[in-house]
Peer 1: 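Before we start, here is the structure in question, set down as structure tokens.
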Amino acid sequence: MVITPHSSAQVPAEVLAQMLGERFYEAPERQARLEWLFREGDPYTEVLFHAPEAHTLQAPYSRFVVDLNRQRDEGGNNGVIKLTDFEERPLYPAGFTLSEPEREERLRRYWDSFHAEIERVLGTHEVRLLVNGHSMQPTGPAIGPDAGKPRPGICLMAGTDAEGRPLSASPSLPQKLALEVLGLARKHFSALLRGQPAEAIALGEPWASDPLSQRYSDPARAKPVWGFGLEFNRALYLRYEDGQEYPNDPMIRALNGAFREFLAEVTERLA
């Protein structure tokens with residue numbers, strides 16, 4: 001199963017109205033906000049991680065509506081419902097607060113329904129692997145664990161350190177398998193990354209764990225499934241001109257081709 005929890009830039013009207021206030025009625029303001037949220041999300045990951053041979057699930061709404069890759073009750077600046085973007089710029093007018101009933105309603109509508117679909121697929125199909133696909137900024141943003149630091153080309157997140165050693169009692173991949181998956185990632189992506197702004201393919205850098213993968217690999221579940229998160233550095237597939245980002249379509253195609261070959265070999269090893 002391949003999931004892209006941050007691929008959408010869509011925002012329900014009631015949430016967009018909360019974000020914009022009276023500006024909600026101005027088409028340029030609505031469009032500008034949606035474009036901002038698209039850039040702050042994981043743009044084009046639904047294409048980068050396209051895998052028709054797998055069960056796929058893309059987020060229907062922006063991560064700034066609810067973050068589907070967070071625990072349902074997770075608070076803080078980078079929690080399940082965010083009030084700022086990753087550079088700490090406010091998403092809502094000054095003085096905005098989200099009441100507990102409003103918070104619960106938003107989670108029920110958007111977080112619960114998405115995770116119910118994951119549960120349905122895992123419960124009705126023989127899923128052997130869950131891959132959670134993301135993209136990351138070239139350098140760590142203000143609220144990241146690595147603010148201002150350059151990031152690798154690809155980050156593999158399996159609940160381990162860089163040597164594959166588990167960081168909890170239940171990593172989403174055991175050490176031996178995490179290192180094997182890292183080796184396969186290097187096999188399939190290294191040639192594409194050679195000469196790019198970020199060439200390294202790292203395990204656990206800048207993030208060691210992927211919350212969604214951790215959730216569904218938990219051995220306490222009735223049917224746990226091995227899983228990992230995969231992050232592509234945006235500098236690999238976006239080009240920058242006059243302060244704007246544009247998709248590098250040939251690179252997106254190439255990364256997706258390498259991903260599908262990588263996915264097929266990882267799945268084969270798990271058979």
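Just so it is clear, the model here is predicted, and its values are computed rather than measured.
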Peer 1: Please report the shortest heavy-atom distance between Pro211 and Arg70, naming the atom on each side.
Peer 2: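 Looks like CG-NH1, 4.1 Å.
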
Peer 1: Taking Ser168 for its side chain and Ser170 for its backbone only, find out whether a donor-acceptor pair lies under 3.5 Å.
Peer 2: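 Yes; judged by distance alone, with no hydrogens or angles, the pair exists.
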
Peer 1: Looking only at atom types and distance, does a side-chain atom of Ser8 sit under 3.5 Å from a main-chain N or O of Pro60, one as donor and one as acceptor?
Peer 2: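 At least one qualifying donor-acceptor pair exists.
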
Peer 1: Check the side chains of Asp67 and Trp111 for a donor-acceptor pair under 3.5 angstrom, ignoring hydrogens and angles.
Peer 2: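 No pair is found: no donor N or O on one side chain lies under 3.5 Å from an acceptor on the other.
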
Peer 1: To the nearest 0.5 Å, what is the distance between OG1 (Thr56) and CZ (Phe49)?
Peer 2: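 If we round to the nearest 0.5 Å, Thr56:OG1 and Phe49:CZ are 13.0 Å apart.
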
Peer 1: Please give me the minimum heavy-atom distance between Gly133 and Pro5, naming the atom from each residue.
Peer 2: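 Shortest heavy-atom separation between Gly133 and Pro5 comes out as O-CD, 3.6 Å.
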
Peer 1: Verify side chain to side chain contact (heavy atoms under 4.5 Å, CB included) between Val80 and Asp73, making sure each step is shown before the conclusion.
Peer 2: CA-CA 7 Å; Val80 67; Asp73 60 353; over 6 Å; no

Peer 1: Sub-3.5 Å donor-acceptor pair from the side chain of Asp42 to the main-chain atoms of Thr45, do we have one?
Peer 2: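 Looks like no, no N/O pair under 3.5 Å.
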
Peer 1: Which heavy atom in Gly159 sits nearest to a heavy atom in Ser209, and how many Å separate them?
Peer 2: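 Closest heavy-atom pair between Gly159 and Ser209: CA-OG, 3.4 Å.
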
Peer 1: Strictly below 4.0 Å, N to O, side chains only: are Asp112 and Arg72 in salt-bridge contact?
Peer 2: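 Result for this pair is yes, salt bridge flagged.
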
Peer 1: Is Ile154 close to Asn233 at the side-chain level, that is, under 4.5 Å between some pair of heavy atoms?
Peer 2: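 They are not in contact (no side-chain heavy atoms under 4.5 Å apart), so the answer is no.
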
Peer 1: Under 3.5 Å, side chain of Arg165 to main-chain N/O of Thr160, donor-acceptor pair present?
Peer 2: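 It does not hold such a pair.
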
Peer 1: When hydrophobic residues are tied together by side-chain contacts of less than 4.5 Å, even through go-betweens, does Leu270 share a cluster with Leu156?
Peer 2: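 Yes, it is one cluster - the side chains of Leu270 and Leu156 are joined through contacts under 4.5 Å.
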
Peer 1: Indicate, with yes or no, if Phe259 and Ile252 share a hydrophobic cluster defined by side-chain heavy-atom contacts under 4.5 Å among Ile, Leu, Val, Met, Phe, Trp and Tyr.
Peer 2: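 Ile252 clusters together with Phe259.
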
Peer 1: CG of Leu83 to CE of Met19: how many Å apart, nearest 0.5 Å?
Peer 2: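 Spacing of CG (Leu83) from CE (Met19) equals 9.0 Å.
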
Peer 1: Checking Glu245 side chain against Arg234 main chain: does a donor-acceptor pair fall under 3.5 Å?
Peer 2: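 Side chain of Glu245 to backbone of Arg234: no pair is present.
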
Peer 1: Mind checking the NE2-CE spacing from His134 to Met157? Nearest 0.5 Å is all I need.
Peer 2: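 Spacing of NE2 (His134) from CE (Met157) equals 4.5 Å.
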
Peer 1: Answer yes if Tyr44 and Met136 sit in the same cluster of Ile, Leu, Val, Met, Phe, Trp and Tyr residues linked by side chain heavy atoms under 4.5 Å apart, and no otherwise.
Peer 2: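 In one cluster with Tyr44: Met136, no.
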
Peer 1: In Å, rounded to the nearest 0.5 Å, how long is the span from NE2 of His55 to CD1 of Ile3?
Peer 2: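 Answer rounded to 0.5 Å: 11.5 Å.
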
Peer 1: With sequence neighbours excluded, tell me which residues meet ring-ring contact (aromatic ring centres under 6.0 Å, His included) with Tyr92.
Peer 2: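 Here the qualifying residues are Phe96.
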
Peer 1: Taking only residues two or more places apart in sequence, or in another chain, which ones meet Arg108 in a salt bridge (charged side-chain N to carboxylate O under 4.0 Å, His left out)?
Peer 2: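 Partners of Arg108 by the salt bridge (charged side-chain N to carboxylate O under 4.0 Å, His left out) criterion, ordered by chain and then number, come out as Glu105.
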
Peer 1: With no hydrogens and no angle check, is any side-chain donor or acceptor of Asn248 less than 3.5 Å from a backbone partner on Leu238?
Peer 2: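 A pair under 3.5 Å: no.
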
Peer 1: Measuring only between side-chain heavy atoms, which start at C-beta, is Arg30 closer than 4.5 Å to Arg23?
Peer 2: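 No. Closest side-chain heavy atoms not under 4.5 Å.
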
Peer 1: Are the aromatic ring centres of Tyr246 and Tyr237 under 6.0 angstrom apart?
Peer 2: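 Here the rings of Tyr237 and Tyr246 have centres that are no less than 6.0 Å from each other.
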
Peer 1: Closest approach of Ala59 and Leu68, non-hydrogen atoms and distance?
Peer 2: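 For Ala59 versus Leu68, the nearest heavy atoms are CB-CD1, 3.7 Å.
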
Peer 1: Would you indicate whether Glu53, at its atom CD, is surrounded by more than 12 heavy atoms from other residues, nucleotides or ligands within a distance under 6.0 Å?
Peer 2: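 Yes, CD of Glu53 has more than 12 neighbouring heavy atoms, counting only those of other groups under 6.0 Å.
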
Peer 1: Give a yes or no on whether a salt bridge exists between Glu119 and Arg221, defined as a side-chain N under 4.0 angstrom from a carboxylate O.
Peer 2: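 Yes, charged N to carboxylate O under 4.0 Å.
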
Peer 1: Report yes if the side chains of Leu173 and Glu180 come closer than 4.5 Å at any heavy-atom pair, otherwise no.
Peer 2: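 When only atoms from C-beta onward are counted, Glu180 and Leu173 do not touch, as no gap falls below 4.5 Å.
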
Peer 1: Kindly indicate, with the supporting measurements, whether the criterion side chain to side chain contact (heavy atoms under 4.5 Å, CB included) is fulfilled by Glu88 and Ile143.
Peer 2: CA-CA 7 Å; Glu88 299 183 307; Ile143 67 171; 3.3 Å; yes

Peer 1: In terms of hydrophobic clustering (I, L, V, M, F, W, Y; side-chain heavy atoms under 4.5 Å; direct or indirect links), are Leu203 and Val131 co-clustered?
Peer 2: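 Yes, it is one cluster - the side chains of Leu203 and Val131 are joined through contacts under 4.5 Å.
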
Peer 1: Is it true that, when you exclude Glu241 itself, more than 12 heavy atoms of the residues, nucleotides or ligands shown sit nearer than 6.0 Å to its CD?
Peer 2: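 Count over threshold, so yes.
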
Peer 1: Can you tell me how far the CG atom of Leu184 sits from the CZ atom of Arg186, to the nearest 0.5 Å?
Peer 2: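 The CG atom of Leu184 sits 11.5 Å away from the CZ atom of Arg186.
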
Peer 1: Are side-chain N/O atoms of Gln18 and Arg106 paired as donor and acceptor at under 3.5 Å?
Peer 2: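 Arg106 and Gln18 do have a side-chain donor-acceptor pair below 3.5 Å.
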
Peer 1: Please check if the side chain of Asp146 supplies one atom and the backbone of Pro206 the other of a donor-acceptor pair under 3.5 Å.
Peer 2: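 No.
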
Peer 1: Is any NZ, NE, NH1 or NH2 atom of the basic residue among Arg89 and Glu40 found under 4.0 Å from an Asp or Glu carboxylate oxygen of the other?
Peer 2: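 Between Glu40 and Arg89 there is a salt bridge, with a charged N closer than 4.0 Å to a carboxylate O.
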
Peer 1: Does any donor atom in the side chain of Asp210 or Ser213 lie under 3.5 Å from an acceptor atom in the other side chain?
Peer 2: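 Asp210 vs Ser213: donor-acceptor pair found between side chains.
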
Peer 1: Is it the case that over 12 heavy atoms from other parts of the model lie below 6.0 angstrom from the NZ atom of Lys176?
Peer 2: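 Not buried by this count: 12 neighbours or fewer within 6.0 Å.
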
Peer 1: Could you grab the distance from atom OG of Ser217 to atom CG of Leu130, nearest 0.5 Å is fine?
Peer 2: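 The OG atom of Ser217 sits 8.5 Å away from the CG atom of Leu130.
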
Peer 1: Between the side chain of Arg33 and the main-chain N/O of Leu91, is any donor-acceptor distance below 3.5 Å?
Peer 2: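 Yes; at least one donor-acceptor contact below 3.5 Å.
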
Peer 1: Check for a donor-acceptor pair, side chain of Ser62 on one end and backbone N or O of Phe64 on the other, with a separation under 3.5 Å.
Peer 2: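 Confirmed, Ser62 side chain pairs with Phe64 backbone.
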
Peer 1: So which atom in Pro90 and which in Trp36 form the shortest heavy-atom distance, rounded to 0.1 Å?
Peer 2: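 Closest approach of Pro90 to Trp36, heavy atoms only: O-CH2, 3.4 Å.
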
Peer 1: Charged N to carboxylate O below 4.0 Å: is that the case for Arg109 and Glu14?
Peer 2: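 Salt bridge flag = yes for Glu14 with Arg109.
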
Peer 1: Between Leu212 and Ile118, is a side chain to side chain contact (heavy atoms under 4.5 Å, CB included) present by the stated rule, with each step listed?
Peer 2: CA-CA 10 Å; Leu212 195 148; Ile118 298 175; 4.2 Å; yes

Peer 1: Determine whether Leu230 and Leu236 fall in the same hydrophobic cluster, where Ile, Leu, Val, Met, Phe, Trp and Tyr are linked whenever their side-chain heavy atoms lie under 4.5 Å apart.
Peer 2: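 Same cluster.
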
Peer 1: Just by distance, with hydrogens left out, do Tyr216 and His115 show a side-chain donor and acceptor under 3.5 Å apart?
Peer 2: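 Result is yes, a qualifying pair exists.
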
Peer 1: Please step through side chain to side chain contact (heavy atoms under 4.5 Å, CB included) for the pair Val47 and Asn256, ending with a clear verdict.
Peer 2: CA-CA 7 Å; Val47 183; Asn256 176 248; 5.6 Å; no

Peer 1: Just wondering, do Leu122 and Met1 contact through their side chains at under 4.5 Å, heavy atoms?
Peer 2: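 Met1 vs Leu122: side chains touch.
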
Peer 1: State whether the side chain of Glu117 and the backbone N or O of Ser113 hold a donor-acceptor pair below 3.5 Å, judged by distance alone.
Peer 2: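 Pair absent, no side-chain N/O of Glu117 close to backbone of Ser113.
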
Peer 1: Is it true that Glu199 and Arg194 make a salt bridge, defined as a side-chain N closer than 4.0 Å to a carboxylate O?
Peer 2: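 Here Glu199 does not pair with Arg194 in a salt bridge, since their nearest N and O are not under 4.0 Å apart.
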
Peer 1: Looking at Gln10, I'd like to know if its CD atom is crowded, meaning that more than 12 non-hydrogen atoms belonging to other residues, nucleotides or ligands lie closer than 6.0 Å.
Peer 2: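 No, the 6.0 Å shell around CD holds no more than 12 heavy atoms from other groups.
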
Peer 1: Write out all pairs satisfying ring-ring contact (aromatic ring centres under 6.0 Å, His included) with one or both partners inside residues 174-193, taking only residues at least two apart or from two chains.
Peer 2: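 Of all non-adjacent pairs touching residues 174-193, those that pass ring-ring contact (aromatic ring centres under 6.0 Å, His included) are Phe189-Phe232, Phe189-Phe262.
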
Peer 1: Would you indicate whether the side-chain heavy atoms of Pro145 and Trp207 approach each other to under 4.5 Å?
Peer 2: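 Sidechains of Pro145 and Trp207: in contact.
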
Peer 1: Side chains of Trp226 and Pro171: does their closest heavy-atom pair fall under 4.5 Å?
Peer 2: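 Side chain of Trp226 against side chain of Pro171, heavy atoms only: no contact under 4.5 Å found.
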
Peer 1: So do the side chains of Phe86 and Asn77 get within less than 4.5 Å of each other, counting heavy atoms only?
Peer 2: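 Phe86 does not reach Asn77 side chain to side chain.
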
Peer 1: Please report the shortest heavy-atom distance between Ile201 and Ser190, naming the atom on each side.
Peer 2: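 What the structure gives for the nearest pair is CD1-OG, 3.7 Å.
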
Peer 1: With a 4.5 Å cut-off on side-chain heavy atoms, are Val225 and Arg128 touching?
Peer 2: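 Not touching, per the 4.5 Å side-chain cut-off.
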
